[in-house]
Amino acid sequence: MEIFTAIIYTTCMFKTLGIIAWFCCLLVLGYQGVYWILYASWPSVTLFDATQKLGIDLVYLVQSLSLEIAAKTAYICFTTELSLFFWWTGIALFALVFVSKVLLKK
């Protein structure tokens, strides 16, 4: 019985995190929209920009990884828009909620 309680709490957590991810997506898009209105150019906000603002040193983190994984991580961080990252994170979390609910019914 404890496993089902844990799964129910986990699905609630995934649902809440999905909503937060989509809210963050809207915040980033709102920032970009206001910036576009004020300066007539669309700013590129990547994962790398966000980690720099949070004070996370990606160079230090990447040094502990293998060369292949470090290159892939750097590519993702430099090219992925933050709003798309939050959007797909929300989709993945809601997909986990759906899968867990399907598994609970069977």
Side-chain angles (χ1 to χ4, degrees):
M1 193 60 136
E2 292 178 15
I3 188 76
F4 291 116
T5 306
I7 291 173
I8 290 171
Y9 286 135
T10 304
T11 57
C12 289
M13 180 186 67
F14 286 155
K15 191 183 302 182
T16 303
L17 288 174
I19 291 169
I20 290 171
W22 279 355
F23 180 73
C24 290
C25 175
L26 290 175
L27 283 177
V28 172
L29 289 173
Y31 162 75
Q32 289 175 317
V34 168
Y35 191 92
W36 181 74
I37 290 170
L38 295 175
Y39 301 107
S41 68
W42 190 262
S44 174
V45 181
T46 63
L47 284 173
F48 183 73
D49 297 332
T51 56
Q52 280 186 328
K53 297 284 187 209
L54 294 174
I56 299 171
D57 187 14
L58 281 178
V59 176
Y60 177 75
L61 292 174
V62 169
Q63 286 177 348
S64 63
L65 301 173
S66 69
L67 182 61
E68 180 184 355
I69 294 174
K72 289 178 182 179
T73 303
Y75 176 76
I76 289 170
C77 287
F78 283 116
T79 59
T80 303
E81 289 286 327
L82 190 59
S83 58
L84 286 175
F85 170 76
F86 283 133
W87 176 259
W88 285 108
T89 301
I91 288 176
L93 289 166
F94 284 121
L96 286 172
V97 170
F98 176 75
V99 167
S100 65
K101 288 192 177 199
V102 166
L103 291 177
L104 277 177
K105 288 186 179 181
K106 290 187 177 185

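Computed from a predicted model, the values in this text were never measured in an experiment.
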[atom2] on [Y] to [atom1] on [X], rounded to 0.5 Å:
X	Y	atom1	atom2	value
Glu81	Gln32	CD	CD	6.0 Å
Leu67	Leu65	CG	CG	10.0 Å
Leu82	Cys77	CG	SG	10.5 Å
Cys24	Ile19	SG	CD1	12.0 Å
Phe86	Leu47	CZ	CG	8.0 Å

I need the minimum non-hydrogen distance between [X] and [Y], along with the two atoms involved.
X	Y	result
Cys25	Ser83	SG-O, 3.4 Å
Gly18	Leu93	N-CD1, 3.5 Å
Tyr31	Pro43	CE2-CG, 4.3 Å
Ser100	Val97	OG-O, 2.8 Å

Quick check: is [Y] connected to [X] through a chain of hydrophobic side chains (ILVMFWY, heavy atoms under 4.5 Å apart)?
X	Y	result
Val45	Ile76	yes
Leu26	Leu84	no
Tyr39	Val34	yes
Ile20	Phe98	no
Ile91	Val102	no

Q | Non-neighbouring partners of Glu68 that pass side chain to side chain donor-acceptor pair (under 3.5 Å), sequence neighbours left out | A |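 Result, side chain to side chain donor-acceptor pair (under 3.5 Å) vs Glu68: Lys72.
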Q: Apply side chain to side chain donor-acceptor pair (under 3.5 Å) to Ser41 and list each qualifying residue two or more places apart in sequence or on a separate chain.
A: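 Ser41: no side chain to side chain donor-acceptor pair (under 3.5 Å) contacts found.
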Q: Determine the interplanar angle of the Phe48 and Phe78 rings, folded into 0 to 90°, and report it as parallel if under 30°, tilted if 30 to 60°, perpendicular if over 60°.
A: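 The arrangement is tilted - the two ring planes meet at 30° to 60°.
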Q.
Which Ile, Leu, Val, Met, Phe, Trp or Tyr residues join Leu29 in one cluster when any pair of side-chain heavy atoms under 4.5 Å counts as a link?
A.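 Trp36, Ile37, Trp42, listed by chain and number.
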Q. For the ring-ring contact (aromatic ring centres under 6.0 Å, His included) test, which of Phe94, Phe85, Trp88 pairs with Trp22?
A.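 Result: among Phe94, Phe85, Trp88, Phe94 is the only option passing the ring-ring contact (aromatic ring centres under 6.0 Å, His included) with Trp22.
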